[in-house]
Each structure stands twice: as C-alpha cells, then as structure tokens.
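Quick notes on the structure that follows.
In the text below, chain A, chain B and the rest are named by the order of the sequence lines, each starting its count at 1. Scope of the values below: all heavy atoms of this structure, side chains included, with no hydrogens, waters or symmetry mates.
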Amino acid sequence: MSAKTSQHPAAAATAGEPATTTYREAMRAAIREAMRRDDRVFLMGEDVGSYGGCFAVSLGLLAEFGPERIRDTPLSESAFVGAGIGAAMGGMRPIVEIMTVNFSLLALDQILNNAATLLHMSGGQVNVPLVIRMTTGAGRQVAAQHSHSLEGWYAHIPGLRLVAPATLADARGMLWTALEDPDPVLIFEHGSLYNLRGTLDEDAGAVDIDSAAVRRTGGDVTVISYGGTLGKAMTAAGELAADGIDAEVIDLRTLRPLDDATIMASVGKTHRVVIVDEGWRSGSLSAEISARIMEQAFFELDAPVRRVCSAEVPIPYPRHLEEAALPQVDGIVAAVRAVVR
Amino acid sequence: MSAKTSQHPAAAATAGEPATTTYREAMRAAIREAMRRDDRVFLMGEDVGSYGGCFAVSLGLLAEFGPERIRDTPLSESAFVGAGIGAAMGGMRPIVEIMTVNFSLLALDQILNNAATLLHMSGGQVNVPLVIRMTTGAGRQVAAQHSHSLEGWYAHIPGLRLVAPATLADARGMLWTALEDPDPVLIFEHGSLYNLRGTLDEDAGAVDIDSAAVRRTGGDVTVISYGGTLGKAMTAAGELAADGIDAEVIDLRTLRPLDDATIMASVGKTHRVVIVDEGWRSGSLSAEISARIMEQAFFELDAPVRRVCSAEVPIPYPRHLEEAALPQVDGIVAAVRAVVR
Amino acid sequence: MTRKTAPSTTAGGARIPQARPPGEAGPAHRFDLLRQMMFIRQFEDKCVELYSGGEIHGFLHVYIGEEAVAVGVNSALTPEDSIVSTYREHGHALVRGVPLDCVMAEMFGKTTGCSYGRGGSMHLFDVSRRFYGGNAIVAGGLPLAVGLALADKMRGDARVTACFFGDGAVAEGEFHECMNLAALWDLPVLFCCENNRYAMGTAIERAQAQTDLALRAESYGMPAWPVDGMDVLAVAKAARLAAESVRSGGGPHFLELKTYRFRAHSMYDPDLYRDKAEIEQWKQRDPITALAGQMRAAGELTDTDIESARDEIAAEIDASVDSARAAPAEPVDDLTRFVYSRRSS
Amino acid sequence: MTRKTAPSTTAGGARIPQARPPGEAGPAHRFDLLRQMMFIRQFEDKCVELYSGGEIHGFLHVYIGEEAVAVGVNSALTPEDSIVSTYREHGHALVRGVPLDCVMAEMFGKTTGCSYGRGGSMHLFDVSRRFYGGNAIVAGGLPLAVGLALADKMRGDARVTACFFGDGAVAEGEFHECMNLAALWDLPVLFCCENNRYAMGTAIERAQAQTDLALRAESYGMPAWPVDGMDVLAVAKAARLAAESVRSGGGPHFLELKTYRFRAHSMYDPDLYRDKAEIEQWKQRDPITALAGQMRAAGELTDTDIESARDEIAAEIDASVDSARAAPAEPVDDLTRFVYSRRSS
Ligand SMILES: Cc1ncc(C[n+]2csc(CCOP(=O)(O)OP(=O)(O)O)c2C)c(N)n1
Ligand SMILES: Cc1ncc(C[n+]2csc(CCOP(=O)(O)OP(=O)(O)O)c2C)c(N)n1
Ligand SMILES: [Mg+2]
Ligand SMILES: [Mg+2]
C-alpha cells in the first residue's frame with residue numbers, strides 16, 4: 001500500500017471539469033451511480049425513501065429508483081442489517097443505511113457474529129458483499145445518546161473493512177469500491193461533513209479504499225486524523241505553519257485495515273506524532289495507532305506520541321460543554337507544540 | 001490508588017483458616033453472602049435458577065432464595081439487562097448475569113446509552129447501582145460466535161467500572177464491593193477460571209476494586225495481564241525465572257478505570273513491558289495500556305512495549321487452531337525475551 | 001396462559017373498555033385538562049420560536065396535536081407513580097409537575113434546568129417527581145419501565161409505571177422483549193403507545209405488518225385497548241381504568257392512543273412525506289379546540305376563560321424564558337462531574 | 001392489514017390447516033422418511049459416543065427426539081430452496097443432503113468437513129446446497145433468512161427459505177423484528193419454530209407470556225399453524241402446504257412444530273430442571289417408533305427392513321468416522337485464511 005498525496009477539498013480541484021458540490025451530494029451521486037451500474041444494488045434503511053434520508057443523502061432517489069430499490073424499513077436495526085447480510089449472501093449488493101452509529105449497537109451482533117464472521121467460520125464459503133453506511137460523531141448539540149463516535153469499536157472486528165470519507169472525492173468514490181469488495185465494508189460519514197462544499201471533477205469516480213492519504217506534507221510533526229477531525233487538523237496545521245511549525249497531516253481514510261506503511265513513513269520523517277480522534281480517549285482508535293507506532297517506529301520517536309480525543313463523558317447538550325468535550329483546533333495546536341518542544 | 005502485592009491463588013494462602021475451594025464456588029459464596037446481607041439484592045438472567053447457571057455458578061441458590069430473587073429470564077438480553085437498570089433506578093441492587101459476553105452485544109445499547117449515561121445526562125440525579133456479571137473468553141472449542149473477549153469495548157465507556165477477577169480472593173470479594181458502588185459495575189469472569197482450585201480464608205470477604213495487583217515482583221520486565229491470561233503470565237514468569245529473567249506480573253483487576261499508578265511504577269522499575277490480552281490485538285485493551293505507557297513513561301522505556309494478543313480471526317473450532325489463535329505461555333515467553341534482549 | 005382480554009368492538013372498529021369507571025369528573029376537572037393542554041401547546045409554540053431564534057438547539061421534537069395523550073394519561077396517575085418517556089416528552093414532563101422554569105432552562109442548557117442543562121429537550125429528568133426521562137433511543141425506555149415496575153412489585157409498592165413510546169417503537173425488538181417480560185412477570189406497567197401514524201417519515205402502514213397495535217399487544221396476553229387520543233376525556237377515562245387495574249395487581253396494560261402530530265417530526269424535518277390535506281384533516285380534531293368546543297356547548301366555558309388562561313400561561317412562559325436566559329451556564333470545569341458518583345470534580 | 005388466517009381449532013386444541021394437500025405419498029416415501037430419521041438418530045448417537053470418547057469437543061447439541069421436524073419440513077423443500085438453522089442442526093444438514101462424510105469430518109474439525117473444520121457441530125455450512133448454517137446466537141439466523149428471501153423476491157426467484165429456530169428464540173427481539181419485516185414485505189420465508197418446550201433449562205411457561213406460539217405468530221398477520229412435531233407425516237403435510245403457499249407468493253408462513261428433546265440441552269447440561277417422568281412420557285411418542293409402528297401395522301414394514309436399514313446406516317456412519325479420523329487437520333499457518341476473501345495466506 002502506498003500513500004497518495006492529495007489536496008484537502010477546501011483547496012480547489014485541479015483536473016477535469018470541476019463543479020461545485022457538497023459532501024452530501026457527492027454521496028448521493030455515488031449511490032445513484034451504483035444503482036444505475038448494477039441492478040443488484042439497492043439502498044435499505046430507516047427513512048431512506050419518502051423522507052429522503054435523515055441527513056437528506058438519498059433525497060430524490062426514491063423517485064428515480066422506486067420503493068423496491070430505495071427501501072424504507074421499520075425501526076428494526078437488527079433485522080434490516082441482518083436482512084442486508086442475508087441478501088448479500090443471496091447474491092444482491094445491498095447498501096444498508098443505519099441512521100447513525102448510535103443506533104448501530106442494536107445491530108452489532110449481526111455485524112460481528114454474522115457479517116464479519118461467516119466467511120471464516122464457513123471455511124471460505126459464505127461471502128457477505130455488503131456495504132453499511134452510517135453517520136458518526138458529535139457537534140450538533142444532540143446530546144449524550146446521539147453523539148457517539150464508535151468506529152473504533154468496529155475497527156476491532158476481523159473480517160470488516162472500515163472507511164471514513166473525509167473529502168468530497170472520497171464521499172464520491174469510496175462507495176463503488178466498497179461495493180466491489182467481496183467482504184463487508186462499513187462507511188462512516190461524520191455528520192458535520194454533509195454540508196462541506198467544494199469542487200469535484202465531473203468524471204470523479206471510484207477511489208482506492210486501502211491507503212491513507214497525506215493531505216498536507218510537512219517535516220516537523222505528523223498529525224494523524226480521519227473523518228470529522230481532518231478539517232480541524234488541517235486548520236491547526238495552517239495555524240502552526242504561521243508559527244513556523246510544518247505539520248504533515250495524514251487522513252487515515254481506511255480505519256481497518258490501517259495503512260501502517262503511510263503512518264510509519266511519515267513518523268520516520270517527522271519523529272513526532274499527534275493523533276486526533278473524536279472517540280473517547282481510552283480504547284479509541286488512537287490507542288491502537290499509538291501502540292503500533294510504539295511497536296513499529298519506537299526508535300524513530302523523538303517524543304511520546306500524543307492524542308487529542310474526546311473527553312470521557314457522555315456528550316452534554318450545551319454548546320460550550322460539547323465543544324469542550326470534543327477535539328478542537330486549539331487542542332491540536334497545543335498538542336503539536338508540546339511534542340515539537 | 002496503590003498497588004497491592006498478593007499471591008497467586010496457586011500458592012497457598014497464609015492467613016486465617018484456609019479452605020479448599022474453586023473460583024466457581026467463591027463466586028457463588030459471594031452471591032449468597034450478598035443476597036443474605038441485603039434484601040435489595042437479587043440475581044437475574046438466563047437459566048440462573050432451575051438450570052443453576054450456564055456455568056453452574058448459581059447452582060443451589062434457587063432452593064435457598066426462591067424464584068423471586070433467583071430470577072430466570074426469557075432469552076431477551078436487552079430487556080432483562082434494561083430491566084436491571086430500571087430496577088436499580090427503582091432502589092434495588094440487581095445482579096444481572098449475561099451468560100457470556102458474546103450475547104451481551106444484544107444489550108449493549110442499554111448498557112451504554114442507559115446504564116453508563118443516565119447519571120451524567122440527568123445532571124447527577126439518576127444513579128444506576130447495578131452489577132452485571134458475564135463470562136468472557138475462549139478456550140473451550142466453542143468456535144467463532146462463542147469465544148469473544150470484548151471487555152476492551154466496555155472499558156471504552158465512561159460511566160462504567162469494569163473488573164476482572166482472576167483469583168479466588170477476587171472472585172469471592174469483588175462482588176460485594178461492586179454492589180456497594182453507586183454506579184454500574186461489570187464483572188468479567190473468564191470461562192477457563194471456574195474450575196480454578198485453591199484455598200481461601202474462611203473469612204475472605206470484600207476486596208477493593210480500584211487497584212491493580214502485583215502478583216509477582218521482579219526487576220527485569222513487567223508483564224501486564226488480567227483475567228484468563230493471568231495464569232499464563234505467571235507460568236511464563238516461572239519459566240523465565242529458570243532462565244534468570246525476573247518478571248514482575250501485574251494483574252490489572254480493574255479494567256476501567258485503569259490503575260495507571262501501579263503500571264507506571266512497575267515500568268519505572270523494569271523499563272520493559274509485555275502486555276497480555278486475550279482480545280483481538282487491534283483495538284484491544286492492550287492498545288490503550290501501551291498508549292498510556294507511551295504517554296506517561298516514554299522516557300523510562302528501554303524497549304518498545306510488546307503485546308501478546310489473540311490473532312485477528314474468528315476463533316476456529318479445532319483445538320490446535322484455537323490454541324494458535326490465543327495468547328499462550330510460549331508466546332509470552334518469546335515476547336519477554338524479545339524485550340529484554 | 002390464555003388471552004386475558006377480549007375488548008368489544010364497536011361498529012367503527014374502535015374498541016372501548018367494557019367496564020366504565022365511576023361517574024365522570026366535573027367542569028373544574030375538564031377545565032384543568034384543557035388548561036394543561038393549552039400549557040403544553042403554548043410552551044412548545046414558544047420553543048419553536050426560540051429554536052428559530054437560535055436560543056434552543058439540537059433536536060427539538062414537539063408534541064403539538066398530541067397533548068391530550070399526556071394530559072389524559074397523567075390525570076390517572078398519582079405522584080407515587082413513575083413515568084418513562086421519549087425524546088418527545090415536554091408535555092409529559094410539564095403535566096407531571098416538573099416546574100416550568102426548570103423545563104425551560106433545560107431547553108437553554110442552563111444549570112437551573114431539570115437535568116442541570118446537560119440533557120436539553122430530549123433528556124428531561126426529575127427524579128423527585130419520579131419522572132425518569134427523556135430517552136432518545138427509540139424503545140430504549142421500555143426496559144427501564146419494566147425494571148422500575150419490577151422493583152415496585154418485588155417491594156410490594158402499589159405503583160404504576162407509565163411508559164410512553166411511539167408507533168415506530170413497536171417495530172423494535174426491545175418492544176417485544178419488554179411486552180413479553182412485563183406480561184410474563186405480571187408487572188405494573190401501563191404501556192402508552194402514542195400512535196401518531198408516523199415514525200419520522202415512515203407511515204405506519206409501511207412499518208407494521210399489523211397496524212392494529214392494540215391487537216398486537218393483546219397477543220402477549222395483556223389487556224390492550226385503542227383509544228381516541230385526540231379526545232382527552234376518552235384518554236383520561238381509559239387511563240383511569242387501566243391504571244386502576246394495573247395498581248390493583250392486574251398486571252401490565254396497553255393503551256394504543258391514536259393521535260397525530262401537527263408539525264414535522266423535528267425541526268430538521270421538511271415534512272415531505274405526507275399530504276397537507278391529511279394534516280389539515282387531523283387539525284380539525286385538535287384536542288384543545290375539541291374540548292373547548294364541548295365545554296362551550298355545555299355552557300362550562302366562556303371565551304374570557306380561555307383568553308385569561310392563555311394570557312396567564314403566556315406570562316408564565318415568558319417569565320420562564322427570562323429566567324432561563326438569566327440562568328448560569330455550567331462551568332466547563334464541571335464537564336466530568338457526574339460521570340461517576342464518587343469522582344465529582 | 002387484517003389477519004391473514006384463522007385456522008380451525010380441533011377439540012384437543014391443536015389446529016390443523018383447513019385445506020388438504022393432494023393425496024398422501026405412498027409406502028416408499030414413508031420408508032424414506034423413516035430412514036432419514038433413523039439416519040439422524042444414529043448419527044447423533046455416534047456423536048455422543050465420540051464426544052464422551054474425547055474425539056468431538058466444544059458444544060454438542062443433539063436433536064434426538066426431534067427428527068420428525070427436520071425430516072418432515074425438508075421433504076417439502078426443493079434443492080433450489082434455502083435453509084437457515086441453529087446450533088442444533090445436524091439433522092437439518094443431513095436431510096438437506098450435506099454428505100455424511102463432510103458432516104462427520106466437521107465434527108472432528110477436519111479440512112474435509114463441510115465448513116473446512118472451522119465451525120464444528122454448531123456451524124455446518126454447505127452453500128452448494130443452499131444450507132446457510134449453523135448459527136449459534138439464538139435468533140441470529142432469522143434476519144439472514146429474511147435477507148435471503150428478500151434477495152429471491154427482488155430477483156423474482158420462486159424459492160422458499162426455511163428458517164429453523166427454537167421456542168426460546170421467540171423471546172428475542174430479533175424474532176419480532178424479523179416476523180414483522182417478513183410479513184410486511186411478504187417475503188417467501190417458512191418460519192419453522194421447533195418448540196421443544198425448553199430453552200436450556202427454562203420451560204416455555206417461564207419464558208413466554210403467550211405459550212401458544214402459533215397464535216403469537218399470527219398476530220403479525222401471517223398464516224401460522226401448530227403441528228404435531230412427533231409425527232413426521234403431519235409435519236410433512238403441513239410443511240408441503242405451507243411451502244407451496246410461500247412459493248406461490250403467499251408470503252411468509254409459520255409452523256409451530258411441537259416436539260421434545262429426549263436428551264439434555266448440550267453435553268454440558270446435567271438436565272436437572274425437568275422430570276424424568278416427563279421425558280419418559282415424551283419418549284413414548286418417539287417419532288421413529290411411531291412411524292415404524294404405523295407402517296408395521298399397515299403391513300408396509302418388516303423387522304428385517306428396519307434392521308437392514310439400521311445396519312446400512314451404521315456402516316455408513318462407521319465409515320464416515322474412519323474417514324474423518326484419517327482426514328487432515330488444517331495447518332496452523334492457514335489460520336488467517338478467509339478472514340477476508342482477498343487476503344488468503
Ligand atoms: C433505535 C433508534 N433508531 C432510530 C432513531 C432515530 N429516530 C428518532 S425518532 C424516530 C421515529 C420514531 O417514531 P415513533 O416511535 O413513532 O415516535 P414519534 O416520533 O412519532 O413520536 C426515529 C427513526 C432513534 N432515535 N433510535
Ligand atoms: C443470544 C443468545 N443468548 C443465549 C444463548 C445461550 N443459549 C444457547 S441455546 C439456548 C437455548 C435456546 O433454546 P431454544 O431456542 O428453545 O432452542 P433449543 O436449544 O431448545 O433447540 C441458550 C440460552 C445464545 N446462544 N444466544
Ligand atoms: Mg410516531
Ligand atoms: Mg427449545
């Protein structure tokens with residue numbers, strides 16, 4: 001796996017016929033394209049149809065594809081996720097939308113004990129070519145039960161692939177590649193990204209889902225992030241640059257399997273690392289990344305790896321408390337300063 | 001929090017009136033004592049009553065306490081765990097038994113979004129003095145869906161306390177302390193321990209559930225383990241001692257909050273660490289421990305922290321493959337040799 | 001075990017309990033119910049305004065159109081009873097007696113809020129009034145209600161736990177597990193299904209194979225009746241009957257309260273999935289105008305009564321807004337307080 | 001949506017389908033069913049022996065006493081249909097045609113096993129025969145069956161997916177969600193509830209508020225019948241009727257197959273929770289002796305027929321044990337193979 005260097009979407013695209021769009025629209029375009037290309041593909045989940053998706057991702061698709069393929073489900077997370085697994089076993093290519101990661105716990109048994117396990121347990125017979133999309137993360141003042149970032153848990157499960165598109169190009173391009181994977185792929189879309197605006201080539205299409213991307217090159221420190229925190233990491237890097245600290249920013253893109261090569265290459269260059277992760281610190285994905293750097297690049301490190309994570313509290317409703325609980329630009333900047341000191 | 005040094009149960013007890021017993025019986029004695037001491041305490045779960053508990057822990061208790069307090073439930077993990085939460089809110093002190101961690105996923109929403117969250121989310125009003133016991137771990141050839149070690153996931157959740165008794169004294173003593181906690185406490189009992197035999201003082205009783213224990217002191221390397229792998233770590237330490245490598249073995253005992261002080265004190269002494277964890281390596285509790293050592297004791301380390309974990313595969317049925325998938329004494333010995341090299 | 005009830009069916013398909021509660025309450029009682037509904041309505045109208053004005057944030061699910069359910073059911077409860085509700089729970093909290101100022105301050109996220117400002121609209125709590133929230137996971141409150149009732153039953157307390165949830169929740173596995181458990185153990189739970197015909201944008205016909213939810217509940221061997229949820233007197237009557245039966249050891253009961261929400265699911269919802277005509281039709285059955293009309297016809301109510309009630313309520317609500325605005329926000333340093341009981345910072 | 005069926009009730013309380021399938025099959029068919037049941041029985045007797053002898057490990061859940069269910073239901077299926085089962089699935093796999101040698105080798109954890117030795121007793125798979133396991137999470141297979149049926153329906157394939165599960169599974173939330181989904185979407189699933197009256201040590205009366213499981217299933221608006229699960233001909237008949245209806249677009253059907261397990265739940269179970277007399281009573285209704293008795297009475301069967309069948313089967317089973325013993329174990333280096341399709345090692 002090799003790292004690819006690409007621009008943060010805030011920067012203008014440089015090739016093709018760039019059009020202004022949003023992350024939401026890019027995701028929708030990806031679903032539409034998949035539905036058109038392969039009639040085994042269908043979208044299933046709560047309110048994906050007449051409501052248009054709880055984040056309006058699938059708005060308009062019901063009219064185009066009809067209720068068989070844009071399939072509203074009852075509030076039965078375990079059953080419809082499991083039905084997605086069964087349909088995938090039966091030859092379809094379902095895209096199952098779980099409104100948010102918060103509700104995915106109700107389907108976790110199906111995801112772990114069936115989707116992730118059937119292939120190995122059956123000795124290679126039962127493939128589950130399923131894609132599950134879900135929104136993750138906090139930041140909209142929706143309080144303790146609606147603000148989880150639990151992708152780290154899913155990244156623990158052998159048999160799954162996890163991706164977290166953080167850019168328009170990835171929102172547009174990861175789905176098709178995920179659908180072509182013979183194994184289950186989970187797509188985590190951070191709720192704060194849907195309105196992200198930028199440009200995307202008219203011919204933007206499938207992208208790899210194997211490698212991390214270096215979104216900003218730099219030599220002083222490596223900042224590792226993904227999904228909803230990439231923008232904060234980029235902003236922090238900008239602020240640090242003004243102070244003469246040159247940060248390299250990695251967007252993990254794929255949370256399982258992790259692209260160790262890209263991470264270690266950067267560590268080998270900068271010797272200092274800050275990991276940004278919206279999960280609660282203890283036991284978050286950031287812990288695994290830190291442990292791997294310990295194992296694979298200990299002697300490259302000039303300072304201990306630092307983590308900027310969420311406070312270990314149920315996310316509270318008031319804005320100032322929610323902000324205090326989540327990773328913020330200031331915290332990233334401070335952590336970087338501490339490691340480059 | 002301070003570390004306490006104590007003997008592994010394989011060694012003879014030294015005080016009081018020692019009696020031979022098993023981990024299973026110690027656990028049962030703890031439940032019996034709690035039921036006698038506090039009539040708000042009751043035990044609820046699948047087959048805890050007339051079957052006697054799927055691991056025979058509660059055998060005989062139905063006869064003593066009757067079906068109201070030794071309460072068999074239908075196969076409805078989410079409902080009876082949630083009912084335990086509600087009963088705790090209503091003033092009872094329920095002990096809910098989930099047969100195994102594998103099935104606890106069906107109740108995870110209740111544990112995370114209610115048990116762990118209600119106190120904070122209600123601004124301090126709603127206490128949930130609930131104890132949940134469950135068996136964890138592999139080793140009995142029960143294959144992919146029945147061999148999980150997911151305590152690391154629970155250790156991610158703010159609001160929970162997690163303990164993993166690895167000795168007879170802890171099996172006997174942790175429950176009462178957990179019941180006295182105003183917040184939810186999860187007890188993870190490794191399935192391979194129930195037949196552990198040893199001696200226990202007649203007057204053995206409540207023990208702290210805050211601190212890790214140094215089960216073997218040593219100066220060359222720190223081996224951190226808990227629950228089902230403690231015995232393997234002790235055996236490995238014995239083998240290593242024969243080779244002149246003097247290992248300190250820490251039994252974490254409490255998986256959340258982690259007793260950082262005991263860990264870092266040992267690291268400060270040995271400068272070398274191996275963590276043993278039956279969870280799948282990526283994203284297991286071992287990752288968090290490694291990350292904390294990175295953060296708190298980086299400059300003490302003479303070698304990168306190593307982890308001995310389960311292979312990242314659904315646990316297969318055949319004995320030789322299951323053994324290959326789990327942490328074993330040989331692997332611990334090899335890892336220690338690699339870090340002390 | 002056999003089915004415990006077989007409610008009679010009227011011509012129109014709506015089934016009403018066969019036994020009748022003792023004599024109806026008088027005009028003062030009716031006026032009280034009316035005023036409670038008006039109170040909820042005006043509170044929520046104000047919340048919508050404050051949300052649009054940027055003073056309330058996050059999710060806001062209003063109950064406008066459904067007020068008769070909370071008011072009617074609550075009228076059958078005593079202060080010793082318990083309530084478990086959903087994210088659409090302003091009405092339940094207010095009629096339960098959670099002080100207006102505390103509810104309003106909670107909407108603002110202030111420390112004078114009934115959940116200390118931590119929860120906001122979806123997580124109102126008041127344990128002193130046995131109001132156990134405010135649960136935002138659909139069907140997530142049902143097991144709590146079952147557990148509260150279990151505690152009462154084990155201790156011999158003759159309490160009712162009223163548990164509110166929507167038609168959408170009926171599809172969740174937890175609903176099933178809880179119905180079975182409550183029926184199996186004969187627990188004192190009053191299940192109150194607020195059937196407003198939609199779960200977000202999903203009409204009940206597209207979510208339930210069996211849309212007669214009372215019939216479904218009955219299959220667990222529990223008395224279950226559909227009730228006109230737009231008629232507060234009907235709700236009050238059914239709830240009284242059911243609550244009395246629950247309280248006196250009759251085991252769990254289920255009320256299917258047929259109602260409708262006049263506004264969108266939440267402030268995020270563009271409400272594209274239902275006919276405007278359907279909404280207008282249901283608005284004709286507004287529970288407040290309906291009761292007011294009846295009372296006016298019976299000569300129990302004048303326009304002045306209504307206007308002065310409205311004005312009083314408006315003044316109370318305005319005052320609560322002022323006090324919420326003025327109330328202190330929680331200091332950031334207290335963020336980790338109450339994660340655990342013993343480690344408050 | 002209204003209830004789709006109202007089966008008639010006989011005096012004894014057992015309800016049988018009103019319509020009758022066309023003429024019964026003849027003696028050859030009956031002998032075939034008998035032999036299949038004997039096959040399962042002898043296979044499992046051997047497994048118990050091998051377990052005690054330390055050659056089979058882990059969990060072993062035998063089906064002894066319940067054979068009529070798998071045999072009867074399977075007789076109504078075609079090779080194009082799909083099966084989803086539980087951890088008590090030796091019988092289902094064998095009647096489905098998964099080769100004996102492969103099933104036996106799987107018990108031994110050998111690479112010639114039907115799941116390559118990876119799964120053991122609880123996880124038999126044979127995708128070539130549309131046998132989709134072998135699920136050890138109670139009720140965990142139901143959503144898979146719903147999904148397989150959804151795929152068939154979307155593609156227009158006229159398949160039936162037969163989904164087996166126990167009475168205990170009925171209490172799980174997943175059961176409810178799947179019943180509703182299958183009924184709502186009219187999916188071609190044949191739900192086969194093996195009601196053996198116990199979930200491990202928990203008798204159905206202590207687990208289900210409504211022990212009439214067919215009645216419960218009906219509440220989802222799906223045809224549901226109780227069937228004498230000790231009578232293979234009754235099972236075959238009901239299954240044929242139900243499967244034909246499912247196959248021809250009649251939506252999901254539910255069979256409650258009343259049966260009993262003669263042995264403990266698993267090899268770990270000391271079986272302390274039920275009366276020995278109860279077990280003996282049920283053994284009087286052994287489906288194999290019952291059918292054999294009927295056939296003998298009708299002059300269709302001689303003792304020699306039985307003995308030679310038994311001997312043939314025994315020889316086949318012994319051969320399968322030999323071949324399983326001789327088969328290779330998977331090399332440890334292949335441990336991570338098939339975690340992902342593309343990264344086999
Ligand atoms: C388990 C779960 N799934 C999905 C959601 C998102 N959601 C919130 S409310 C709602 C609709 C619930 O409908 P209903 O139960 O009828 O209650 P109503 O909102 O109509 O009062 C949905 C889908 C959730 N909160 N929890
Ligand atoms: C979700 C879940 N909970 C608990 C168990 C443990 N367990 C295995 S089988 C069983 C009993 C199931 O009873 P039933 O559904 O009636 O099937 P039977 O064993 O009688 O065939 C239990 C409790 C499990 N495997 N899965
Ligand atoms: Mg609704
Ligand atoms: Mg059973």
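- Using a 4.5 Å heavy-atom threshold, the side chains of A/M92 and D/R155 count as touching.
- Contacts of D/N135 with chain A are made by side-chain atoms alone, with heavy-atom separations under 4.5 Å and no backbone atom involved.
- Among D/V127, D/V146, D/T161, the residue with the largest count of heavy-atom pairs under 4.5 Å with chain A is D/V127.
- At a 4.5 Å heavy-atom cutoff, the contact between D/N180 and chain A is made by side-chain atoms alone.
- With A/M121 as the fixed residue, the side-chain contact (heavy atoms from CB on, under 4.5 Å) test singles out one of D/H123, D/R118, D/M122: D/H123.
- A donor-acceptor contact shorter than 3.5 Å links the side chain of A/N114 to the backbone of D/G140.
- Chosen from A/G90, A/G159, A/P184, the residue pairing most often with chain D at heavy-atom distances under 4.5 Å is A/G159.
- Ranked by heavy-atom pairs under 4.5 Å with chain D, the list A/A116, A/G84, A/G123 is led by A/G123.
- Options D/A136, D/A151, D/A182, D/S82 differ in how many heavy-atom pairs under 4.5 Å they form with chain A, and the most are formed by D/A151.
- Considering only heavy atoms from C-beta on, D/L181 comes within 4.5 Å of A/P74 through its side chain.
- For chain A, the nearby parts of D/L148 are the backbone and the side chain; heavy atoms of each come within less than 4.5 Å.
- You'll find the side chain of A/D183 stays beyond 4.5 Å of the side chain of D/R342, heavy atoms only.
- Of all heavy-atom pairs spanning A/M89 and D/L144, the tightest one is SD-CD2, 4.1 Å.
- Top candidate by heavy-atom pairs under 4.5 Å with chain A, chosen from D/V84, D/D126, D/L124, is D/D126.
- Defined by atom type and a distance below 3.5 Å, a donor-acceptor pair is present between the side-chain atoms of D/S341 and A/N127.
- Within the 4.5 Å cutoff, side-chain heavy atoms of A/L118 are placed close to those of D/F125.
- When all heavy atoms of D/L335 and A/H120 are compared, the pair lying nearest together is O-NE2, 2.8 Å.
- For the pair A/T73/D/W185, a side-chain contact is recorded, criterion being any heavy-atom separation below 4.5 Å from C-beta on.
- Inter-residue side-chain proximity for D/L150 and A/R71 is flagged as met; some heavy-atom pair is nearer than 4.5 Å.
- Within the 3.5 Å criterion, the main-chain N or O of D/Y116 finds no donor-acceptor partner in the side chain of A/Q125.
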Checklist entry - Between D/M154 and A/R69, is a side-chain contact (heavy atoms from CB on, under 4.5 Å) present by the stated rule, with each step listed? => result CA-CA 9 Å; D/M154 288 183 80; A/R69 295 185 67 202; 4.3 Å; yes
